[in-house]
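Order of the sequence lines sets the chain letters (A, B, ...), proteins ahead of strands, with each chain counted from 1. Given the structure is predicted, the values throughout are model-derived calculations rather than measurements.
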Amino acid sequence: MARIWDPLQYGWSPGYWLTIQGIPLLASEMNFGLTPPAGYTDDPGSLVIDEGASVGQRVERDRGIGVGYPLTFRLLDTAAVRAQIKVWTKTAVLQADVSAVATSFEVDSTAGWAPGDHFHIGAERVLIDALAAAPPRFTGCTRHVNGIAYTHKADATATCRITDLPRYWLGRIVELWALPVDPSGYVPGSAMTDDAELVFHGHISAGPDRVGDEWQFEALSLDRVLARPLSSALTGKVIDTEFRRLALPFLKIVYHFASYDFAGALVWSHDLVTIPMATDLATDLLSETEIMSRISTSFAAAAAGTGGNVETIAWKAVEGIDNGQHIKNVWMAMFAFGTDATINTLHTRITVGGWVNDESWHVGGKLSTGIHLWSKWCGHIHPGSLGWVNGPPQDVAAVRMDDALGADVPAAGFAKIGDVVYEFKASGASNDTVFLSGLKTIAGQVPTQDLTKETVEILRTDTAPMPDLLLRQFMSSGTANLRSPVTLHDRLDQTQGYGISETLIHVAGIENVCGALFGQTPLTVPSSGQSTEEALCPLLALSGRALVAKPVDHDESGAPDTSRAYRISMVRTGPSGGSYAATITDAHIIASDPAAVEVRRLGDPPTRIRVQGQIAGEDVAPIVVNDKGREQAQSPSELSFTIPMIERNPIVSMVTTWARARFASDQSAREVDVLTVPWIDAEIGDLVRLTSVHPGLVDLVTGAAGAFDGVARVIGSSIMYDTGVRRWTLLFGGYITSLSLCPSAEISLASAYPPIVNSTIDVPFKYYPHFAQLLAQDGVITLTLYDPGSAEQVADPYGYTFDGVEEVAGVCRLTVASLLNGAEVVTPALSRLATPKTATATTYQNAHLMHDGDGTSWGAGG
Amino acid sequence: MAINSNTPLSVVAEATFNALPVADKDPLLTILENANGMYEAHAPALISALYTCEHLITGRSAVFWIPVLPSIDGLDYDFSHWVYGGAGVGAVTITVEEYIAGWGAIHASGALGLAAATWLRHNHTTAISASATILRVTISRAAGSEFSPSAILVRPGTNAPAVGVKASGFVPFDDGMLAVGTSDAGINTEHLNRGPQNAMAILRDRRQCVWSFVQEYSQTDAVYSTYTSPLSDTVPACFGQAVGLIPFAHDPVVTVYAIGVVDGGATTDLIDVYQVGKSGVKLDADGAVQSASLTLEMDASGTIEARAKIGADAACKAGQVTHIAAVIVLWRPGD
């Protein structure tokens, strides 16, 4: 945020303008004399934000999310504003679903509308190119004018109404932009976007309300969207548990019939090859009656070519023994043949998908039309498809849906029936009834009780590694990749995501900070009726991370991001870390304010951390970690989290480690609020270096007061838009003995092979902060060279010293000052530079990095 | 400074990590040498097959073609061949060839003694080239003596990790920085990452045989073909069904490798390898190795008993005969 605030120290001031999604009006504080963005009309002077308090946010460490402060703004009652707020005059009702890219809208009537009109549907504004009849519709439409496109669903109750002016304002996106205004009132540039910086992105939560003679709105920050529950679960009731099975479109049934006369000579034989469910889809659910009907039909078609030797197939349910079990409803296939007195024996062989049932029958010249030879149906090899029913079916349920949205039920997923969560392998819908099959509990058991009349919630779920879960929830819109043409995370149903554009999400930051959470281990999370904050943020909180919305100035690897766009990102919330983003000194603190530095302790640290794991919303055994020593001294206080998982065991050790880290650091951690000038270049989640002689600040390592010089985590940041005063909430202390792993930087390129004095060696940019600080502290960088997989370091010292480090074209470039052991072979993409052994260790290394003696640092003496 | 391997593995107790405030050399050194040990010792069967063939063969050799996808590191493999001897005392010879662009011998047993009505187990350690696609095993016995090829087991032998990054991605760990001399080297990020990365490289490189069916390559000598099926030659014949086990697997994706042969005519999609009652893949019977991926829906999914019943069928065109010489189903962790 510092860029727009930098000029304030030279007498400049900020000026603001604001847009609202779907509204072609651009409200600004003053006449900037600049060209507004395409599609907008500037209404100079109509924006009032001075009444607003500070804008910013604070990380809720125990919730794993940043909570942005709301923005309050007012619009003057100008003619342009009034024209948008008044009641609409034209209306129509959507008649058919519309995708986010479709250009035709079928409506009940186009009466009163004309080409060139705009209409509002949901939060989207659309331009009509033409009208058409039969059915009435708007065609050639230009989508997402002044905003973004959505998928729109028609509803039988005619609730999706189209109007020529906004029906509602709640939920619309608000963007507040700041421009630098020089002391004479001049704004540089020619367009309003030239030097503007987005300082707030959120959604209207209240308004327009008449306050005095103005219209007042309130907007919640972008991150607050993530507290909005996603669509509620589809609900219904089990109406029966009749037997239905997935169709097997490729199942081949082969019938071989052969007849022999009294001399044993073959009279006739026929091979009938049938694929009875060839026209069904693999996802179709069929009852037993339907399956047998298909078999009969296909058999009859094949038998027609036997010249009357083979006639029909019929079915009879009997009881019997199969594989040692007493079975009800064994379906017996009964075949009928044409009359032929010369036949003494018949041989039948039925092959169903590889299973063979082979039988011979003695008929003794009595074969006549209508005789039935039984062949027990060989379904027991396909218990999931054909054959017998062993008592009432246990793994199916027919569900009457409450809201007639059966088609929205996912093909496979999870359903809560009664109080138990079941996974279902397949589903099929017919009108308002949905058939679920392959029901098993999370533990893999089929239902043991009759499910009829139980209530059902169809849970929409997603299974993926943690970063992907988050990114899919953020972006999914119901239209594949509508919101994510680059990152391709928009892939879930409309009801499973917030439909946030990828340009508002710091994908690299989330993947980098979150990537280490279980690696690629997938989690299953229900996305029905829960918000991201409820479903996923507890896991982030537990692991010392949080989602925030902030201007992004660099990614987690340290590479600069010059766009500085306001985006949802992820930050760490612990008080310690690597390099810091900025320094706050006494010179920055607003000395005139007696409350400029206020230190307070954290809330009561927990003595017990309880983690309730859920697999698709179903509780598993909790994990509890206690701070026993502290419990002896005081009453227990519990901090609890509910997190998604697929298996419990891999999570236990991680939870234990996170809990211990929390116990250890919270005892001595402190928060401090600091009021400063606005141009300090740091954002929420960053580390800053705080250097102050304020007596309230105590260095808990040395115990010294009034001489604080240490790093602190920014967990809150806000700015008063009228005064420019910035309030920082910093987390510091909480020190535990913690050292960094030594860097091991892979060499990507050298300017000479082998490198010599003044050669340059390139390594990934992420090592730049390390090496820059090392050079700043020691005046020289000493690094050892080794090739993984080969003899690693044959001598000591071995490698190079460097006297230069710079960022060049996205890499960290080191300049060789000397060779420690003569010329050495360097292989790009293999050779590495790491911190050296004791003999050549440096001050920085001694203080901050681990060595292999006992895991501690080299210490001051090396 | 040396590349040492922990064989057997030295398991680091979880408590070791919990007790440490920061990473330490000792568990890290052990972990890295465990990964070296894993390179030596991890030996899932590449081929585990019972031959389907005529009992008590005499007067000819038995020749088997078996698809393989060996380690990309060109590892040594331990072979075991089991042969039953019927009447006669003639010597047995076993040769193994690998196919790359052509056949090349990789093992010749010489004369192996086998008494009447006894079993022979012949072991040898032989490298399989990384690019080999088929192994051809030829078993012979002197004329007049009977033999029954029974089984073959091929799995990675003891392969001590030598210097240099391997094609599989495995990076041998040399203790020069962590355990030699004055020590005091840094605990660096690459060393910490190398252990799990090496483990993954090994697991992903060494395929594991889940299911197999192998009979003689010659249609004349093979026991089963569509011709020998009691069904007519227009009907698919089931060559075999058996249960494959992949403990703890959830819906694993296996790769089916098959060699099928016809005596003439079209070859397309004549072989069907499937999970019984579930999905399957169709492969050509053109005499070459054909492969396809198949996702299994495991019974007892996720448990130690996770299993799937797999079958292989073959069909033939009118007037032609198809036979399956071999089907090997391979899996690797992560698929």
Side-chain angles (χ1 to χ4, degrees), chain A residues 248 250 252 254 256 269 271 273 282 349 351 353-356 358 381-385 425 444 519 646-647 653 656-657 660 736-739 741-746 784 786-794 796 830 832 834-839 841 845 849-856 858, chain B residues 1-3 14 17-18 20-26 28-29 161 163-166 170-194 196 230-232 234-236 238 241 250 272 274 276-280 297 300-303 309 311 313:
Chain A
L248 295 174
F250 301 106
K252 185 178 288 186
V254 180
H256 172 75
S269 70
D271 291 310
V273 180
R349 175 185 293 265
T351 306
W355 176 260
V356 179
D358 203 358
I381 197 67
H382 290 290
S385 55
K425 288 287 188 186
I646 281 186
E647 292 182 68
S653 60
T656 306
T657 303
R660 284 178 175 150
I736 51 177
T737 305
S738 176
L739 300 164
L741 289 169
C742 297
S744 173
E746 184 181 271
T784 195
Y786 75 101
D787 285 355
S790 300
E792 297 177 9
Q793 201 180 46
V794 296
D796 189 13
L830 173 66
R832 285 175 171 269
T835 45
K837 291 186 174 182
T838 303
Q845 171 181 348
L849 304 178
M850 296 180 193
H851 80 125
D852 77 355
D854 57 5
T856 63
W858 280 262
Chain B
M1 145 189 61
I3 296 176
E14 184 180 324
F17 299 104
N18 288 339
L20 290 169
V22 288
D24 196 2
K25 156 190 153 183
D26 290 337
L28 183 58
L29 183 70
V163 167
V165 177
K166 302 294 176 283
F170 178 85
V171 181
F173 169 68
D174 176 287
D175 66 359
M177 293 176 73
L178 287 185
V180 171
T182 58
S183 190
D184 286 339
I187 295 182
N188 73 47
T189 51
E190 186 272 326
H191 277 150
L192 202 71
N193 291 333
R194 200 191 301 181
L231 303 176
S232 82
T234 62
V235 176
C238 179
Q241 292 183 347
H250 291 281
D272 186 4
Y274 53 90
V276 175
K278 307 290 181 183
S279 56
E297 295 180 42
S301 177
T303 73
K309 192 169 189 179
D313 289 1

Q: List the atom of A:G789, the atom of B:R194, and the distance in Å for their closest heavy-atom pair.
A: N-NH1, 3.9 Å

Q.
Give me the atom names and distance for the closest heavy-atom approach of B:N188 to A:A834.
A. ND2-CB, 4.0 Å

(Q) Just verifying a value: how many Å separate B:H191 NE2 and A:E792 CD, rounded to the nearest 0.5 Å? (A) 4.0 Å

Q) B:M177 versus A:T784: any side-chain heavy-atom pair under 4.5 Å? A) yes

(Q) Taking side chain as everything from C-beta outward and backbone as N, CA, C, O, which of these in A:P743 sits under 4.5 Å from a heavy atom of chain B? Side chain, backbone, both or neither. (A) backbone

